[in-house]
Amino acid sequence: MREATTIHFVGGGPGDPELITVKGMRLLKEADLVVFTGSLLDEKVIEYCRKDAEALNSASMNLDEITGVMIRAAREGKKVVRLHTGDPSLYGALREQTAILEKEGVHYAVVPGVSSAFASAAALKREFTMPGVTQTVIFTRLEGRTPVPEAERLSALAAHNATICVFLSVSMIDKVVEELLKGYSADTPAACVYKASWEDELIVRGALSDIAGKVKEAGITRHALIIVGRAIGDDSQASLLYDKGFSHGYRG
Ligand code: SAH
C-alpha cells in the first residue's frame with residue numbers, strides 16, 4: 001500500500017506561473033499550508049493557493065522553524081506544500097529538510113519542477129548538448145558560504161569544455177570568468193540570463209572574453225545564471241537522430 005503523503009516538496013519552476021507542473025499547481029490549489037522560498041518565486045505562482053490557505057515566506061525562518069511548522073500542520077491532517085524555486089534537486093537545501101521529516105516519521109514526496117537552467121536554455125533558444133560539440137552539461141557554482149569540493153573548482157571543470165551552467169555566482173562574475181579561462185578559450189560563447197521566464201527577463205550574450213563587462217554594464221548582480229560553452233553559440237550540426245539512414249528505434 002502506498003503511504004499517505006502529507007508534505008509535498010514542489011518545484012515551483014523558474015518564475016513564469018505557467019511553468020509549474022500540472023501536479024504542482026494542483027497540490028498548491030489543495031494545500032492548507034504553503035511554505036515558499038521567498039526571493040525567486042513569482043507571486044503569481046502563490047496565487048494558485050486557496051485564499052484561506054496559510055502562506056509563509058521561509059526567507060526569515062530557520063531550518064527548525066520551517067520543518068517545525070510543516071510537521072505540526074501535517075500531524076493536524078493538513079495538506080502541506082513546501083514550494084521551491086526551479087527544481088528542488090538543485091541548490092534547494094532539500095535533504096536537510098527531508099532528513100528531519102524522516103527522523104520524525106513524517107511522510108513526504110517530491111514533485112519535480114522546471115529548473116532555471118532549462119528556462120535559460122529556452123530563453124537562449126539553444127540546446128545544452130550538441131553533436132560534435134558536447135554531450136555533457138555541468139551544473140555548478142562558485143564557492144560562497146557553501147564550500148565547493150576541491151576537485152570541482154571551476155578551473156578543473158573547465159578542462160572538459162562541456163556546457164557549464166553556473167548558479168549563484170553572478171555577483172562574482174570576474175572570478176567565474178578567470179577560472180573558466182583556465183580551460184575554455186576566450187572566444188567561447190557565453191551568456192547570462194537574468195530572471196529567465198519572468199516578464200523582466202534579460203539576456204546578455206557574448207564570449208568568455210567580454211561577458212563579465214557586459215553583465216556589469218547591464219547591472220545584473222543576482223537572480224541570474226551564467227552559461228558557457230560552444231553549444232550555446234551560433235554553430236549547428238545535424239544530429240544522426242533525424243538522419244534518413246538512422247533507425248527509428250533510436251529515437252526516443
Ligand atoms: N532550484 C533552483 C536553483 C536555486 S539556487 C533551480 O532549479 O533553478 C538560486 C540560483 O538559481 C540563483 O542564484 C540563480 O543562479 C538561479 N536562478 C533561479 N531562478 C532563476 C531564473 N528565473 N533565472 C535565472 N537564474 C535563476
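Remember, it's 1-based here, ligands and their atoms both numbered in the order they're listed.
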Quiz prompt | Whether Tyr91 and Phe167 hold their rings parallel, tilted or perpendicular, with breakpoints at 30° and 60° | solution = tilted
Quiz prompt | Protein heavy atom at shortest distance from atom 23 (N) of ligand 1 | solution = Ala196 N, 2.7 Å
Self-check item: Distance from atom 12 (C) of ligand 1 to nearest protein heavy atom, with residue and atom
Solution: Leu40 CD1, 4.0 Å
Quiz prompt | Under 3.5 Å: N/O of Ser115 near N/O of ligand 1 | solution = yes
Quiz item: Any idea which atoms of ligand 1 are less than 4.0 Å away from a heavy-atom of Gly86?
Solution: 6 (C), 7 (O), 8 (O)
Quiz prompt | Ligand-side contact atoms (ligand 1) for residue partner Trp198, heavy atom cut-off under 4.0 Å | solution = 22 (N)
Exercise. Only one of Val10, Thr67, Thr37 passes side-chain contact (heavy atoms from CB on, under 4.5 Å) with Arg82; say which it is.
Key: Thr37
Quiz item: Can you tell me if CG on Asp200 sees more than 12 non-hydrogen neighbours from other groups inside 6.0 Å?
Solution: yes
Quiz prompt | Residue from Val34, Leu19, Ile20 passing side-chain contact (heavy atoms from CB on, under 4.5 Å) with Val45 | solution = Ile20
Quiz item: Numbering the atoms of ligand 1 from 1, which are under 4.0 Å from a heavy atom of Asp87?
Solution: 1 (N), 6 (C), 7 (O)
Self-check item: N-O pairing of Asp210 and Arg205 below 4.0 Å
Solution: no
Quiz item: Tell me, which protein residue and heavy-atom name are nearest atom 1 (N) of ligand 1, and how many Å apart are they?
Solution: Leu90 O, 2.7 Å
Quiz item: Any idea which atoms of ligand 1 are less than 4.0 Å away from a heavy-atom of Thr85?
Solution: 1 (N), 2 (C), 4 (C), 6 (C)
Quiz item: For atom 9 (C) of ligand 1, which candidate among Leu168, Leu94, Val170, Ile220 holds the nearest heavy atom?
Solution: Leu168
Quiz item: Pick one: which of Leu154, Leu168, Val148 meets side-chain contact (heavy atoms from CB on, under 4.5 Å) with Glu143?
Solution: Val148
Self-check item: Heavy atom of Ala224, distance to ligand 1 below 4.0 Å
Solution: yes
Practice problem: Could you tell me the residue and atom name of the protein heavy atom closest to atom 5 (S) of ligand 1, and the distance to it rounded to 0.1 Å? | Solution: Tyr91 CB, 3.7 Å
Quiz item: Counting heavy atoms only, which of Ser116, Pro14, Pro112, Ala119 is nearest atom 22 (N) of ligand 1?
Solution: Pro14
Quiz item: Taking the non-hydrogen atoms of His84, is any one of them nearer than 4.0 angstrom to ligand 1?
Solution: no
Self-check item: atom 11 (O) of ligand 1 [closest protein heavy-atom partner, distance rounded to 0.1 Å]
Solution: Phe167 CD2, 3.4 Å
Quiz prompt | Taking atom 24 (C) of ligand 1 as the reference point, the nearest protein heavy atom with its distance | solution = Val193 O, 3.3 Å
Quiz item: Under 30°, 30 to 60°, or over 60°: which ring-plane class applies to Phe139 and Phe118, parallel, tilted or perpendicular?
Solution: perpendicular
Quiz item: Taking 4.0 angstrom as the limit, do Asp32 and Arg50 come out as a salt bridge?
Solution: yes
Self-check item: Pair Arg26 + Glu30: basic N to acidic O under 4.0 Å
Solution: yes
Quiz item: Is the side chain of Tyr48 donor-acceptor paired with the backbone N or O of Pro17 at a distance under 3.5 Å, no angle test?
Solution: yes
Quiz item: Is it the side chain, the backbone, both or neither of His223 that has a heavy atom closer than 4.0 Å to ligand 1?
Solution: backbone
